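Heads up, the thing below is written out as structure tokens.
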Amino acid sequence: MPIARGYAATDASKPLEPFTFERREPNDDDVVISIKYCGVCHSDIHQARNEWGMSAYPMVPGHEIAGVVTAVGSKVSKFKVGDHVGVGCFVDSCAHCAARDPDIEQYLPGLVQTYNSVERDGKTPTQGGYSDSIVVKEGYVLSIPDNLPLDKAAPLLCAGITLYSPLAHWKAGPGKKVAIVGMGGLGHMGVKIGAAMGAEITVLSQTLSKKEDGLRLGASHYYATSDAETFKTLAGSFDLIICTVSADIDWNAYLNLLKVDGTMVLLGVPEKPVPVHAFSVIPARRSLAGSMIGSIKETQEMLDFCGKHDITSDIEIIDIKDINAAYERVLKSDVRYRFVIDMATLAA
């Protein structure tokens, strides 16, 4: 069995630590990838610390993987050694169930997560990108455009697709007014992608501390939600609101910023249930919706779009040994805007 090295969570209460483990033997439809960079997603922290109550240990987190192909199986046709590729949030899905729909596979049963999941054999744990290599079925490997640097492209595999999918689904584009709630790892990608689609982007952030960044990245307007006047000024303004934050906010206040037939899409998951009043949606036929990552097809579409428009994430590169400190900084929103681990530092 191929041996991989990485960092793993071994218990919800312990810091991540060096970990050596076996990858599965490559099959004839597999791609072997040398991982060069892996982004740090807030969901990595949730799962490493068992905050969602579904964690299995030892766990190697990481689902924003960018690397180089080192070997391919005999039946692989889309990739060759040396290609720049990515792996996102899942590495397999149900290919035979009656509900099979590759356009929305992320919402259907049978999804195999890149880590903290179990391979199709029902027993082999999946391990993620905080490691030096990974073996993935060809159909779940993404092609990264040559003009996108691997380090800055890595967060596109989760943060990028998480914003691209709802923006595309709800048809953000010319003539549409879109608000992005939160100016963090997800939010800054929403600003970039939404602006490239041609929408008029407004950032709604707790303070104006990142206003200069928001405008630089493509936003036309930037408002502080800590100012009560913001909700009066912007009432009935938006066709689409994308909420990237997991904090306990008043959804009713944000719903009232929508136009008739406007939609508010939730990406963040608050710790506690949030009450929604019927009169926040009924009088203007508003909708409250959710969205989760994207299919493989849509993720490749997103990467091609980002390649065309030279869109990448704003990142801070870290050594793997600094991952635990990075987690604490993520919790303090002390990063602009995504940590990316340089996997070459595993050898240091």
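Quantities reported herein were computed from a predicted structural model and do not represent experimental measurements.
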Sidechain-backbone polar pair: Thr114 side chain, Phe90 backbone, donor-acceptor under 3.5 Å: yes

Beyond-backbone contact of Leu266 with Ser291, side-chain heavy atoms, under 4.5 angstrom: no

Check: Ile341 and Val40 side chains under 4.5 Å, non-hydrogen atoms: yes

Co-membership, hydrophobic cluster, residues Ile323 and Tyr115, 4.5 Å side-chain: no

Residues Arg329 and Glu316 bridged, charged N to O under 4.0 Å: yes

Derivation of the salt bridge (charged side-chain N to carboxylate O under 4.0 Å, His left out) call for Lys75 and Asp29: CA-CA 5 Å; Lys75 292 184 179 179; Asp29 60 347; over 6 Å; no

Asp319 side chain to Lys321 backbone, donor-acceptor under 3.5 Å: no

Test item: Leu204 and Thr202 side chains (from C-beta on) under 4.5 Å apart, heavy atoms: yes

Lys/Arg N to Asp/Glu carboxylate O, Arg286 vs Asp261, below 4.0 Å: no

Expected output: side-chain Thr162 to main-chain Cys158 donor-acceptor under 3.5 Å: yes

His63 side chain reached by Cys38 side chain, heavy atoms, under 4.5 Å: no

Residues, nucleotides or ligands: over 12 heavy atoms within 6.0 Å of Gln300 CD: yes

Any donor-acceptor N/O pair, Asn116 side chain to Ala56 backbone, under 3.5 Å: yes

Exam field: side chain Asp44 to backbone Cys41, donor-acceptor pair closer than 3.5 Å: yes

Glu298 versus His169, side-chain donor and acceptor atoms under 3.5 Å: no

Which residues share a side chain to side chain contact (heavy atoms under 4.5 Å, CB included) with Ser117, sequence neighbours left out: Val112, Gln113, Thr126

Under 3.5 Å: donor-acceptor pair, side chain of Tyr57, backbone of Ala48: yes

NZ/NE/NH1/NH2 to OD/OE distance under 4.0 Å, Glu64 and Arg338: yes

side-chain hydrogen bond (donor to acceptor under 3.5 Å, both in side chains) against Asn50, all qualifying residues, sequence neighbours excluded: Ser55

4.5 Å side-chain heavy-atom contact, Pro270 and Asp248: yes

Exercise: do Tyr164 and Glu301 side chains pair donor with acceptor under 3.5 Å: yes

Identify every side-chain donor-acceptor pair in residues 6-21 under 3.5 Å, counting partners at least two apart or on other chains, and give the distances.
{"unit_1": "Asp11", "atom_1": "OD2", "unit_2": "Ser13", "atom_2": "N", "d": "2.9"}
{"unit_1": "Asp11", "atom_1": "OD2", "unit_2": "Ser13", "atom_2": "OG", "d": "2.6"}

CA sep, side-chain torsions, deciding dist, call: Tyr254, Thr225, side-chain contact (heavy atoms from CB on, under 4.5 Å): CA-CA 10 Å; Tyr254 288 88; Thr225 56; 3.3 Å; yes

Arg285 atom CZ, over 12 foreign heavy atoms within 6.0 Å: no

Ser131 side chain to Ala4 backbone, donor-acceptor under 3.5 Å: no

More than 12 heavy atoms from other groups under 6.0 Å of NZ on Lys78: yes

Partners meeting side chain to side chain contact (heavy atoms under 4.5 Å, CB included) with Val85 (sequence neighbours left out): Ile33, Val69, Phe79, Asp83, Val141

Glu25 atom CD, neighbour heavy-atom count above 12 within 6.0 Å: yes

Thr124: partners by side-chain hydrogen bond (donor to acceptor under 3.5 Å, both in side chains), with sequence neighbours left out: Asp121

Salt-bridge criterion met for Asp239 and Lys259 (N-O under 4.0 Å): yes

Note: Lys210-Asp213 ion pair, threshold 4.0 Å (strictly below): no

Can I get a per-line list of side-chain donor-acceptor pairs under 3.5 Å for residues 187-196, giving both atom names and the distance, sequence neighbours left out?
{"unit_1": "His188", "atom_1": "ND1", "unit_2": "Gly184", "atom_2": "O", "d": "3.1"}
{"unit_1": "His188", "atom_1": "ND1", "unit_2": "Gly185", "atom_2": "O", "d": "3.0"}
{"unit_1": "His188", "atom_1": "NE2", "unit_2": "Ser313", "atom_2": "OG", "d": "3.3"}
{"unit_1": "His188", "atom_1": "NE2", "unit_2": "Asp314", "atom_2": "N", "d": "3.0"}
{"unit_1": "Lys192", "atom_1": "NZ", "unit_2": "Thr312", "atom_2": "O", "d": "2.7"}
{"unit_1": "Lys192", "atom_1": "NZ", "unit_2": "Asp314", "atom_2": "OD1", "d": "2.6"}

Worked check of side-chain hydrogen bond (donor to acceptor under 3.5 Å, both in side chains) between Lys232 and Thr230: CA-CA 5 Å; Lys232 296 178 182 177; Thr230 291; over 6 Å; no

Pairing residues for Lys308 by the salt bridge (Lys or Arg N to Asp or Glu O under 4.0 Å) criterion, not counting sequence neighbours: none

Set of side chain to side chain contact (heavy atoms under 4.5 Å, CB included) partners for Ala253, sequence neighbours left out: Phe231, Asp250

Side-chain donor or acceptor of Glu200 paired with backbone N/O of Pro174 under 3.5 Å: no

Min side-chain heavy-atom separation Val32-Val136 under 4.5 Å: no

Reference residue Lys137; test salt bridge (Lys or Arg N to Asp or Glu O under 4.0 Å); the match among Asp28, Asp30, Asp92: Asp92

Residues that His309 engages under ring pair (Phe, Tyr, Trp, His ring centres under 6.0 Å), provided they are two or more places apart: Phe305

Heavy-atom side-chain contact between Val68 and Val81 under 4.5 Å: no

Joint cluster assignment, Ile315 & Leu163, ILVMFWY side-chain distance < 4.5 Å: yes

Heavy-atom check, side chain of Arg23 versus side chain of Ile3, under 4.5 Å: no

Any side-chain donor near an acceptor of the partner, Lys297 and Thr299, under 3.5 Å: no

N/O donor-acceptor pair under 3.5 Å between Glu105 side chain and Ser295 backbone: no

Donor-acceptor pair between Asn324 and Glu328 side chains, under 3.5 angstrom: no

Cut-off 3.5 Å, no hydrogens considered: what does the side-chain donor-acceptor table look like for residues 272-280, sequence neighbours left out?
{"unit_1": "Ser280", "atom_1": "OG", "unit_2": "Asn252", "atom_2": "OD1", "d": "2.8"}

Qualifying residues under ring pair (Phe, Tyr, Trp, His ring centres under 6.0 Å), relative to Phe238, sequence neighbours excluded: none

Partner residues of His46 under the ring pair (Phe, Tyr, Trp, His ring centres under 6.0 Å) criterion, sequence neighbours left out: His42, Trp52

Check: Ser93/Tyr140 side-chain N/O donor and acceptor closer than 3.5 Å: yes

Common cluster, Leu255/Leu240, ILVMFWY with side-chain heavy-atom separation under 4.5 Å: no

Side chain to side chain contact (heavy atoms under 4.5 Å, CB included) partner of Val265, the single match among Leu288, Thr244, Ile242, Leu167: Ile242

